[in-house]
Amino acid sequence: MLIIKNIIDNRDSVIRGLLKKHFHNAEQIIEQIINTDIERRNIQKELDTNLAAQNKIAKQIGALMAQGKRDEAEVAKAQTSQYKEHGKLLADKLAEYENNLKELLWQVPNIPHDSVPEGRTAEDNRVERSGGEIPTMTEDALPHWDLAKRYDLIDFELGVKITGAGFPVYKGKGARLQRALINFFLDEARNAGYLEVEPPYLVNADSGYGTGQLPDKEGQMYHVTADDLYLIPTAEIPVTNIFRDVILQEKDLPQCLTAYSACFRREAGSYGKDVRGLNRLHQFNKVEIVRVDTPKHSYQSLDEMVFYVEKLIGKLQLPYRILRLCGGDISFTSSLTFDFEVYSAAQKRWLEVSSVSNFESYQANRLKCRYKTTEGKIELCHTLNGSALALPRIIAALLENNQTPQGIKIPKALVPYCGFEWID
RNA sequence: GGUGAGAUGGGUGAGUGGCUGAAACCAACAGUUUGCUAAACUGUCGUACGGGUAACUGUACCGGGGGUUCGAAUCCCCCUCUCACCGCCA
C-alpha cells in the first residue's frame with residue numbers, strides 16, 4: 001500500500017497518478033484518507049497523554065507502597081479510575097480509526113511511474129521494441145493443440161478426466177520438453193546471479209496480503225479452506241514473502257532470487273479462444289525472478305531484468321515484442337510493467353509469456369520489507385519480479401513456429417536439456 | 001492425531017508483579033592502541049506511531065489475542081508456532 005506520509009505530502013500528484021490508472025473516486029478517497037489520518041493523530045495524542053498520566057500515578061503508588069504509606073497509596077488508586085475509563089474509550093476509538101485508515105489504504109492501487117503511457121485497455125500499451133523473426137508458415141500449419149495430439153505430447157482430455165479442464169497431462173517428449181525448459185530457465189537465472197530457491201506452493205493469508213493478491217484477487221486463487229491456505233498463482237508470493245518483516249543491510253542489496261513453481265489459477269470468467277490448448281490453464285509451470293533493491297537502484301534493476309528476459313527469449317529463437325503497459329492495463333500493485341509476448345505463428349497471435357514489474361515500495365510497505373542505509377536510517381525497499389518464463393505459451397510457440405514436414409525442431413539451446421533434436 | 005516442554009532484542013540467554021525497553025555474553029559498528037594482522041580497551045548498538053527546527057521527549061511492543069491489577073515479560077484464559085517422545089506415513 002501507499003505510504004501515508006507521501007499521500008499527505010504529494011496529494012495532487014497522487015491523485016493524478018490514480019486517475020492515470022483509471023481509479024475511480026481518487027480525489028474523494030484521498031481526502032478521506034488524509035482526514036482520517038488527522039483524526040487518528042489527534043486521538044493518539046490524547047490517548048498518549050492519558051496513558052502517561054496513568055503510568056505516573058502507578059509509579060507513585062509503587063513508591064508510596066515501598067515507603068509503607070498505605071493510606072496515601074489508596075488515595076492515589078482512587079484517582080486512576082477516571083483516567084482508565086476515558087483511556088479505554090480513546091483506545092477503542094484509535095483502533096477504529098486505524099482500521100478505517102488501513103482499509104482505505106488497501107483500496108488504493110499503486111501510483112504508476114511517469115513513463116507509464118496514458119490508456120485504458122491493452123490496445124493502448126506501447127510497443128517498446130521487438131526482436132526475432134516471425135516465420136512464414138504454410139497454409140496447413142497446425143495450432144499447437146493439433147500438434148500436441150499428432151505427436152502425443154499433451155493429453156487435454158485425460159486431464160479433464162483426472163481433474164477438469166485446464167489441467168493437461170504432458171506425455172513423453174512433451175513432458176521432457178517441459179522439464180528441459182524448467183532446468184534451462186533455472187540454470188540461466190543462476191548464471192545471471194539469481195539465487196535458486198524452492199518455495200512452498202501453499203501460502204497463508206498473511207503472505208497473500210503481503211504481496212497484494214489479497215484482498216484484491218481473492219477469487220483468482222484456490223483456497224484450501226480446511227487449513228485456510230492458498231495455492232500460489234505465482235512463485236512471486238512465497239519468494240517475495242521471504243522478505244516480510246525483514247530489515248536488510250544496504251550492502252546486501254539487491255537481493256536476486258529465482259524459483260521454479262507450479263502455479264494455480266482459477267481463471268474464473270475466462271472463455272473462448274483465449275483458453276484453447278495451452279493458452280490459459282489452471283495449473284502451469286513457471287520460473288520466476290525476484291529482486292529486492294534500494295529505491296535509488298530499482299529502476300536499473302528493472303532494466304536488467306527486462307534485458308535478461310529478452311536475452312532468454314532470444315536464446316529460444318522466438319519472435320517477441322516488449323510492451324510498456326498503459327495506466328489502465330497495469331496491475332493494481334505495480335508502478336511500471338513490461339509485458340513480453342511471443343508470436344505463435346499458427347494461431348497468428350501474440351501470447352504473453354512474461355510480465356516484469358517494479359512495485360516500488362507498495363509491496364514493501366505491506367511486507368514491512370526494509371533496509372538500513374549505510375547512514376543507519378531505515379527505509380522501505382523496492383520489490384520487483386518477472387516471469388522468466390511461463391512455460392505453456394512458450395511451448396505453444398515453440399511447437400507452432402518450429403513445425404516442419406519432418407517434425408518439430410528443438411532450438412539449439414534446448415537440445416542439451418531435452419536430449420533430442422526433433423519431435424517426430 | 002496423542003503427551004510433555006517451550007516461545008524474551010541480530011544470536012545465546014537472565015528475568016515469577018513496581019528498581020526492566022529489558023542483565024550478561026557473543027556478533028555488529030565507531031574509536032584508542034599497533035609497522036600489519038590479531039589481541040586489549042572505550043563507546044554505540046531494537047522497532048513502530050506521536051510531539052518538537054533540534055537537543056530531546058510521550059506512548060506501545062518480551063509469539064498473537066483477551067483478562068486480573070493502581071501497576072504485567074512476570075499471574076489467568078484462548079489461539080498459533082517450535083522442540084521432544086509416541087502413533088501414522090512419502
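Below, read A as the first sequence line, B as the second, and so on, with proteins coming before strands; counting in each chain starts at 1.
- Residues A/Glu341 and A/Arg393 are not paired through a salt bridge, judged by the lack of any N-O separation under 4.0 Å between the basic side chain and the carboxylate.
- A/Ile61 comes within 4.0 angstrom of a nucleotide base, judged by non-hydrogen atoms across all strands.
- B/rU3 and B/rC78 have their P atoms separated by 14 Å, given to the nearest Å.
- Figure legend. B/rA22 is base-paired to no nucleotide; pairs are counted as Watson-Crick or G-U wobble with both atom distances under 3.5 Å.
- Running 5' to 3' along RNA chain B, contacts with non-hydrogen atoms of chain A at under 4.0 Å begin and end at B/rG18 to B/rG71.
- A/Tyr83 OH: 12 or fewer foreign heavy atoms inside a 6.0 Å radius.
- Remark on RNA chain B: of its neighbouring residues A/Gln54 and A/Arg40, the 5'-side contact belongs to A/Arg40, judged by nearest-heavy-atom nucleotide.
- Nucleotide B/rA90 forms no Watson-Crick or G-U wobble pair with any nucleotide shown, as no partner meets the under 3.5 Å limit on both distances.
- As judged by a 4.0 angstrom heavy-atom cut-off over every strand, A/Leu47 is placed among residues making no nucleic acid contact.
- Nucleotide B/rG50 forms a pair with B/rU57, judged by Watson-Crick or G-U wobble geometry with both contacts under 3.5 Å.
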For residues 160-174 of chain A, tabulate all N or O donor-acceptor pairs below 3.5 Å that involve a side-chain atom, not counting sequence neighbours.
from     : atom 1 : to       : atom 2 : distance (Å)
A/Lys171 : NZ     : A/Asp152 : OD1    : 3.2
A/Lys173 : NZ     : A/Trp422 : O      : 2.9

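- Atom name C1', nucleotides B/rC25 and B/rU32: the rounded distance is 23 Å, in whole Å.
- In this structure, B/rA40 forms a base pair with B/rU32, meeting either the Watson-Crick or the G-U wobble geometry with both donor-acceptor distances under 3.5 Å.
- Looking at heavy-atom distances under 4.0 Å, A/Ala76 makes no contact with the nucleic acid at all.
- Comparing the P positions of B/rU42 and B/rA27 gives a spacing of 15 Å, expressed to the nearest Å.
- Rounded to whole Å, the separation between the C1' atoms of B/rA54 and B/rA40 comes to 38 Å.
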Please set out all donor-acceptor pairs under 3.5 angstrom arising from side-chain atoms of residues 302-310 of chain A, sequence neighbours excluded.
from     : atom 1 : to       : atom 2 : distance (Å)
A/Glu304 : OE1    : A/Arg291 : NH1    : 2.7
A/Glu304 : OE1    : A/Arg291 : NH2    : 3.1
A/Glu304 : OE2    : A/Gln300 : NE2    : 3.2
A/Tyr308 : OH     : A/Ala189 : N      : 2.9
A/Glu310 : OE1    : A/Arg129 : NE     : 3.1
A/Glu310 : OE1    : A/Arg129 : NH2    : 2.7
A/Glu310 : OE2    : A/Arg129 : NE     : 3.1
A/Glu310 : OE2    : A/Tyr320 : OH     : 2.7

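- RNA chain B is contacted by both A/Ile57 and A/Asp48; A/Asp48 maps to the nucleotide lying nearer its 5′ end (nearest heavy atom per residue).
- When the C1' atom is used for both B/rA73 and B/rU20, the distance is 9 Å, rounded to whole Å.
- Nucleotide B/rG4 has B/rC83 as its partner under the Watson-Crick or G-U criteria, with both atom distances under 3.5 Å.
- Looking at A/Glu375 and A/Lys377, no side-chain N of the basic residue comes within less than 4.0 Å of a carboxylate O on the acidic one, giving no salt bridge.
- When the C1' atom is used for both B/rG13 and B/rG2, the distance is 31 Å, rounded to whole Å.
- Taking the P atoms as reference points, B/rC29 lies 12 Å from B/rA38, given to the whole Å.
- In this entry B/rU16 has no Watson-Crick or G-U wobble partner, no candidate having both defining distances under 3.5 Å.
- Between A/Pro143 and A/Glu400 the shortest side-chain heavy-atom distance falls below 4.5 Å.
- Pairing for B/rC62 is absent, with no Watson-Crick or G-U wobble pair whose two atom distances lie under 3.5 Å.
- Here B/rG71 sits opposite no nucleotide as a Watson-Crick or G-U wobble pair (both hydrogen-bonding atom distances under 3.5 Å).
- A/Arg41 has a carboxylate O that lies under 4.0 Å from a charged side-chain N of A/Asp37, or vice versa, which qualifies the two as a salt bridge.
- Contact annotation for A/Lys5: no contact, since no heavy-atom pair falls under 4.0 Å across all strands.
- A distance of about 13 Å separates the C1' atoms of B/rA14 and B/rU74, rounded to the whole Å.
- The existence of a salt bridge linking A/Lys45 and A/Asp48 is excluded, since no basic side-chain nitrogen approaches an acidic carboxylate oxygen closer than 4.0 Å.
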